Protein chains: 2
Amino acid sequence: MLRNRGDVSATTRARVLEAAKRLGYVPNKIAGALASQRVNLVAVIIPSLSNMVFPEVLTGISRTLEETELQPVVGVTDYQPEKEEKVLYEMLSWRPSGVIVAGLEHSDAARAMLAAAGIPVVEIMDTDGTPIDAAVGISHRRAGREMGQAILASGYRRIGFMGTRLGLDHRARKRFEGFTEALAKGGVEIEDREFYTDGSALAKGREMTKAMMERSPELDFLYYSNDMIGAGGLLWLQEQGYDVPNRIGLAGFNDVRLLQGLPTKLATMDSCRQEIGSRAAEIILGRLDTDEAPGNKVELTPRINPGDTLRAP
Amino acid sequence: MLRNRGDVSATTRARVLEAAKRLGYVPNKIAGALASQRVNLVAVIIPSLSNMVFPEVLTGISRTLEETELQPVVGVTDYQPEKEEKVLYEMLSWRPSGVIVAGLEHSDAARAMLAAAGIPVVEIMDTDGTPIDAAVGISHRRAGREMGQAILASGYRRIGFMGTRLGLDHRARKRFEGFTEALAKGGVEIEDREFYTDGSALAKGREMTKAMMERSPELDFLYYSNDMIGAGGLLWLQEQGYDVPNRIGLAGFNDVRLLQGLPTKLATMDSCRQEIGSRAAEIILGRLDTDEAPGNKVELTPRINPGDTLRAP
DNA sequence: CTGAAAGCGCTAACAA
DNA sequence: TTGTTAGCGCTTTCAG
């Protein structure tokens with residue numbers, strides 16, 4: 001079907017192809033890919049789509065890839081290493097031109113696959129660790145540390161922490177570690193903590209904050225592992241008539257633009273999501289075009305945005 | 001490489017394959033797909049990932065596909081027909097086992113491709129129109145109409161509308177049409193309207209609401225084309241001291257669980273996103289397994305959730 | 001049952 | 001230039 005057999009002229013052939021397109025004909029990329037050994041796909045592996053952070057990273061990737069022949073294909077791991085392994089296996093079996101994968105923590109099998117794939121691999125979001133190939137991200141440990149320092153500098157001393165259960169989300173864990181480290185340097189320890197697994201983050205933030213303030217009314221600062229639960233907490237505290245940021249201060253993480261429009265701006269820290277995405281895509285592109293050296297690690301530096309919930313030092 | 005040549009025993013071969021896996025070996029699905037003429041991929045084509053609604057549809061699709069051999073692959077169109085055509089072309093060229101595509105409105109070329117693909121095609125989210133093959137969704141026209149009726153029944157009469165620019169988002173347009181139709185039946189006309197294109201929805205809702213209330217202070221109800229801008233408006237009105245829902249009522253659309261946790265619940269309507277996703281996936285599966293008849297149209301019925309911003313009739 | 005061989009629909013290298 | 005042909009790495013079929 002649609003072979004260019006016999007002595008058909010170029011114009012005729014072009015006409016045929018055009019007609020074919022009109023009829024909804026689509027070439028078979030599988031055969032093409034097998035023959036040419038090239039697949040213009042970039043595998044993008046992320047933990048979740050409902051976290052808002054990851055769609056934004058994807059946006060950054062798409063934007064830079066848009067003008068090229070490469071296309072992102074996303075796989076979701078739900079923060080589960082086994083699922084990451086499976087998704088990675090599936091995607092690599094399609095022989096993509098590159099891989100962008102969230103995080104530096106992977107199973108041995110996953111690392112083996114990535115190392116053996118013979119394609120550029122960019123690990124994103126995190127730089128606290130040793131990348132397989134290249135990495136673009138921020139140091140979450142440092143982010144947590146800097147927020148801890150800022151909080152102490154503002155004079156808060158009785159600090160509570162709320163976040164996701166720290167087992168699977170390595171970046172949240174690293175922020176927490178950096179945070180406690182900074183507090184420890186100032187002779188301060190976290191006085192209360194609360195974790196959640198799922199549900200509407202805004203509602204969870206509200207519930208957890210209520211529970212914590214009832215349990216530990218002496219707290220004067222709440223550090224949240226993300227902005228959504230922070231916003232939930234903020235709304236609850238304001239309803240209760242707390243003086244924010246004087247009686248109690250708050251901070252989150254991510255600087256999600258979704259929340260712009262809330263009456264009070266939560267203190268937060270930009271996690272550079274779009275830039276991470278575009279930088280990662282650029283690395284893949286650079287590696288494909290030229291013989292650029294592998295193994296670069298790009299650490300972006302997030303800044304604290306004090307908003308209205310962290311009083312001036 | 002890794003040919004099963006010569007007289008290697010089955011056990012040896014198995015051992016070799018296992019070792020290969022340990023080393024990160026991954027089979028080539030391209031060759032496999034070409035040989036078997038089967039690709040266990042389902043193309044999912046949606047307008048956006050930042051809308052929250054679509055990730056939820058994806059969740060529904062993933063959940064039902066998870067236990068099968070099929071895998072979703074998503075493509076994003078940014079609400080642009082040309083981009084939809086391109087994405088569709090790219091995805092179809094990989095010969096997926098089925099297509100799930102948002103909306104019933106497509107370019108002629110896109111329809112031709114889908115019709116010619118010879119695979120199950122499920123159009124989702126919308127049932128106001130004629131599907132190419134199968135469809136699962138809600139009637140947005142009816143949704144708008146029912147909200148209009150509920151608003152009139154509650155005694156509101158001076159109504160304003162806010163939403164996205166209605167050109168490309170057909171479903172928002174249909175809701176608007178159904179809404180105005182219902183109002184017209186009650187002898188009421190929309191008194192003011194405002195549209196936005198992009199930006200943080202919460203912030204936009206706040207801004208638009210402020211602008212509209214300053215321009216048309218007589219309004220006693222605001223209908224928003226989605227919950228996020230509605231929530232922004234709600235926050236602004238409460239800050240200004242408006243009595244909601246007595247002085248002014250509000251309603252949005254989608255019933256996003258993201259907003260659970262706001263002090264006041266916005267009146268809204270469930271858009272059945274997860275169910276739409278899972279039903280669509282089930283249709284694909286059913287068509288592949290058995291010789292199920294094509295062309296079914298499933299209309300789900302959303303219900304009004306009055307929350308705290310629509311007073312009782 | 002095991003093992004060899006014939007393609008799948010293209011691309012790329014080569015021949016004319 | 002233009003047309004022909006040999007694979008790409010698997011699956012499937014068909015002989016042994």
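A note on names: the letters A, B, ... follow the listed sequences, proteins ahead of strands, and every chain is numbered from 1. What you see is a predicted model, and the numbers here were worked out from it, not measured in a lab. What's counted below: heavy atoms across the whole structure, side chains too, no hydrogens, waters or symmetry copies.
Just one of R142(B), K174(B), R141(B), R173(B) meets the salt bridge (charged side-chain N to carboxylate O under 4.0 Å, His left out) condition when paired with D126(B); it is K174(B).
One finds a salt bridge joining R287(B) and D133(B) here, because a Lys/Arg side-chain nitrogen approaches an Asp/Glu carboxylate oxygen to under 4.0 Å.
Looking at S107(B) and E85(B), their side chains do bring a donor and an acceptor atom within 3.5 Å of each other. With hydrogens and angles left out, the side-chain atoms of S271(B) and R273(B) include a donor and acceptor closer than 3.5 Å.
Atoms CG (N28(B)) and C1' (dT11(D)) sit 12 Å apart, rounded to a whole Å. Per the geometry, CD1 belonging to I30(A) stands 11 Å off C1' belonging to dC10(C), to the nearest Å. We find that CH2 of W94(A) is positioned 14 Å from C1' of dC8(D), with the value rounded to whole Å. The distance between atom CZ of R38(B) and atom C1' of dG9(C), rounded to the nearest whole Å, is 17 Å. Atom CZ of R95(B) is separated from atom P of dT11(D) by 19 Å (rounded to the nearest Å).
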side-chain hydrogen bond (donor to acceptor under 3.5 Å, both in side chains) assessment of R175(A) paired with H140(A): CA-CA 5 Å; R175(A) 285 198 299 281; H140(A) 288 264; 2.9 Å; yes
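The phosphate of dG9(C) has OP1 or OP2 within less than 4.0 Å of a side-chain N or O from Q37(B).
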Determine which bases of DNA chain D form Watson-Crick or G-U wobble pairs with both distances under 3.5 Å, and write the result as a 5' to 3' dot-bracket string with | for other-strand partners. |.||||||||||||||
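Residues M91(A) and V99(A) have side chains not in contact (no heavy-atom distance under 4.5 Å, counting atoms from C-beta outward).
For L34(A), the side-chain atoms get nearest to dC8(D) when compared with the rest of dC10(C), dC8(C), dC8(D).
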